[in-house]
Amino acid sequence: MSAARARLNPIGEIVDHKEIVVCAGSGGVGKTTTAAAIALQAALDGKKVAVLTIDPAKRLASSLGLKELTNEPSKVSKRKFTSAGLEMKGELWALMLDTKTTFDEVVTRYAPSPEQAERILENRFYRNISSTLSGTQEYMAMEKLYELHADGAYDIIVIDTPPTRNALDFLDAPRRLTDFFESRVLRWFLMPYMKAGGGIFRVANVAATTFLRVVKRIIGGDVLQDTAEFFSNLEGMYDGFKERAREVSALLQSDATSFVIVTSPGEDSVMEATFFAARLNEAGLPFGALIVNRVHPKLGDGVDVKPRQLTKLEKQGDQGQLLAKLIDNEEAFMRVVRLEEKNLNALARKIPKHRWVRVPYLEQEAVDFAGLSLIADKLFEA
Amino acid sequence: MHVDEFLDPKILIVSGKGGVGKTTVAAALALVAARHGRKVCMAEIDRKGTLPKLFGGGEVTYEPRELSPGVWGLNIIPEDALAEYLRVQYHMSRISRVFRSTHFVDYITTAAPGLKDILVLGKIWYLEQDRDHGGGAHGFDTIIVDAPAAGHMATFLKAPQGLADAVRLGPVRRQSEWLNDMLTDPKRSRVHLVSLAEEIPASETLETSEALDKELGISQGAVFANAVYSRLLMDEEADEFERIAADGKIDELCDVAKASGINLDDDDLGALHGYARFLKARRNIQSQHLRKLSRGVTQPVMELPFLFSAGLALPDIETLADVIEEQMETL
């Protein structure tokens, strides 16, 4: 089945040949569900699969029959498959990114000494980073992905991307975060607080002092102290961070990886998808497939009826009225279908159609394991 | 419910999960308020241009601009809000220029989490109080905040309380208390949640609503269930059609059509049948979630129609505004 499928379906091809699948797209298009469905099918095919989700989706855990998802992979029980009438030849593992824990591990790995790691982990500024600094979640998602891959325990890893307003943020995250840690401007401002460098309070730094006075009034002196300490402790770790960011980049650009863009046929998400495809290209990242979710089904070519005829029909008794309503309903849906086609045609000019997979609106929702497997069927259909 | 009651208080915060049409609903609400003679300000938070697209072009910046009669828009950018704050509070306008070229706001907002939200809420407070900081007072009657997506909303609205807890004394403590008062006073602020009648958004809406109620103590207006398929066809009518087909009496229907000059071939009949089924199936899913929403929240649930024309431009927003107005009367 695999070989035949590979020639026909871009998702099937990816699952057969790649080690990493990254699902990306704007909010609300079904990224998490898609990632889970791809992982499910890969496991059915006999692979050992890990699905890494970023979204705190409780529902995903329960539909996989897991109490909760943690930062370490948990195995989906074989019984879950059997009771859904599915024969699973591989293994399915699932985990959810815990940004804080992952960051702690990174710090511990790169700190020159356990004491220095300890000082950073206890620092208040550091503790705020994981929850508030933009880009941290994206950076750690990439870090976790790298670890899972380096571990070598899985044939394939499927990951969804953070629900950022801008679907592209995670591409820049490692670089942005390294820049942040290395900023000279910040060090200049924090100089009066930095112990490293002999604590020399330079007269030339008047602007910084004035400025600090104001900041201190806004956020308090101890906060500034924490910040300065954090950056002092980080000295000597930059090279490690940068090296890792380079390795992550190289992995994402390699043949082992494939990016899957998820979209709906709505104008906004189509625009986002187009933009995203262009960015992948610019960044030298391998695009694999486009998944168009929630497409209204196209049934027929549209009934040819003039308004005048419809008015006449409405006067033809019960049957006439029923028919008029049916036609009204059909015309309304055909308007949506045409609108979606227009949006998708624009997308087809940017992303060739042989890389597309369309998943129509189903007559039921994918809320449980059986639902996921239904989505998987649609995704892998030729 | 009286219109004024529905459109009060002055600050209306609109929130919901990504992809549910939050901005569209906020814009429709703005049109309704404007139709009732209010001067409305729509506040986007730190992003690039959904508002201008809905209202036909141009840029929306930190300085409010009239987008359509009676509806003004601004984009609250934390850097600008900080600059305004420093200028007004500390008369520091020069140093604030440095922020633009550096990660400065990122640093201090990391150092003191929630500060970005405080800056944004501070600007809303300035608008509410109608302070004139050089640009002239605007005299807005209604401020509609297109708030961060539901996942981040709790953090956003909790920020003043957090800061008040962290800073014991001084002006910042006092200011964060002002913001908290503004949010928790039902006569000043209210949250409208936007959802879809689907599993994931509906569950998330229920969670958010409960958190607003129990943890944040912020008053709630309506839950808007967006994109609900209109009943162009009732279930019974779809069933009736199935029955006619099953009884082999489709030809009779075709004859009725022919009498009005309409020729229906097999493809056409298939399409009529297919879309009738589709509507019925999707409506049933939606009804189930609408019931779940109604049972789960104490505030009214307002259904907004799926727009079959969905180009999402001003005419569509007008349509949604019409529906809101109609339903407002019946609440």
Side-chain angles (χ1 to χ4, degrees), chain A residues 26-29 59 125 128-129 131-134 163 165 179-180 183 185-186 207 210-211 214-215 217-220 223-224 226-227 264 266-267 269 297 299-305 309-310 312-313 316-317 319-320 322-323 325-330 332-333 335-336 339 361 363-365 367, chain B residues 17-20 47 86 90 92 95 98 102-104 106-115 149 151 166-167 170-172 198-201 203 230 232-233 237 240-241 252-253 256-257 259-264 267-268 270-272 274-279 281-282 285 308-312:
Chain A
S26 51
V29 294
R59 198 189 48 84
F125 179 86
N128 291 339
I129 280 184
S131 56
T132 58
L133 182 60
S134 68
R165 202 144 47 192
D179 283 359
F180 175 85
S183 165
V185 180
L186 182 79
T210 320
F211 179 77
V214 172
V215 173
R217 264 158 86 179
I218 302 178
I219 63 178
V223 175
L224 275 176
D226 287 341
T227 313
S264 74
E267 197 180 344
S269 64
L299 312 169
D301 298 312
V303 180
D304 183 21
V305 180
Q309 296 171 324
L310 205 57
K312 199 171 167 195
L313 183 62
Q316 308 279 318
Q319 290 197 326
L322 174 63
L323 210 45
K325 282 189 174 175
L326 284 159
I327 292 173
D328 253 353
N329 184 55
E330 185 265 356
F333 278 110
R335 271 204 299 284
V336 183
L339 199 81
Y361 257 118
E363 288 185 8
Q364 66 184 86
E365 282 184 299
V367 287
Chain B
K17 182 182 155 55
V20 298
R47 55 182 203 182
L86 291 178
Y90 300 97
M92 299 182 79
I95 193 111
V98 178
T102 65
H103 283 298
F104 180 75
D106 277 348
Y107 295 124
I108 67 159
T109 50
T110 303
L115 205 62
V167 186
V172 172
E198 283 176 27
E199 170 70 26
I200 303 174
S203 312
S230 326
L232 291 172
L233 197 67
E237 291 164 333
E240 169 71 12
F241 183 60
E252 280 177 30
L253 273 188
V256 174
S260 306
I262 302 166
N263 286 309
L264 298 174
D267 279 356
D268 293 336
L272 294 186
Y275 284 122
R277 255 188 69 127
F278 183 80
L279 177 73
R282 295 303 303 184
I285 295 174
F308 285 97
S309 63
L312 292 193

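Heavy atoms only: backbone and side chains are in, while hydrogens, waters and symmetry mates are out.
Rounding to the nearest 0.5 Å gives a distance of 11.5 Å between CG of L233(B) and CD1 of I327(A). Separating the NZ atom in K325(A) from the CZ atom in F241(B) is a distance of 14.5 Å, to the nearest 0.5 Å. Put simply, CG on N263(B) and CG on D304(A) are 9.0 Å apart, with the number rounded to the nearest 0.5 Å.
Annotation: maximal heavy-atom pairing with chain A below 4.5 Å, among I200(B), V20(B), I262(B), D267(B), occurs at I262(B). Note on P297(A), G28(A), G300(A): by heavy-atom pairs under 4.5 Å with chain B, the leading option is P297(A).
Of all heavy-atom pairs spanning R335(A) and F308(B), the tightest one is CB-O, 3.8 Å. Heavy atoms only, all atoms of each residue included: D268(B) and G302(A) are closest at OD1-O, 4.1 Å. For the residue pair Q316(A) and A259(B), the shortest heavy atom distance occurs at OE1-CB, 4.0 Å. In terms of heavy-atom proximity, L326(A) sits nearest to A276(B) at CD2-CB, 3.8 Å.
At a 4.5 Å heavy-atom cutoff, the contact between D328(A) and chain B is made by backbone atoms alone. For a residue to count as touching a neighbouring chain, one of its non-hydrogen atoms must lie under 4.5 Å from one of that chain's; by this rule L323(A) touches chain B with the side chain only. I285(B) touches chain A through its side chain: at least one heavy atom from C-beta onward sits under 4.5 Å away, while N, CA, C and O do not.
At least one side-chain heavy atom of E240(B) sits less than 4.5 Å from a side-chain heavy atom of L322(A).
The main-chain N or O of G261(B) is found under 3.5 Å from a side-chain atom of Q309(A) such that the two form a donor-acceptor pair.
Under the 30°/60° scheme for interplanar angles, the aromatic rings of Y275(B) and F333(A) are found to lie parallel.
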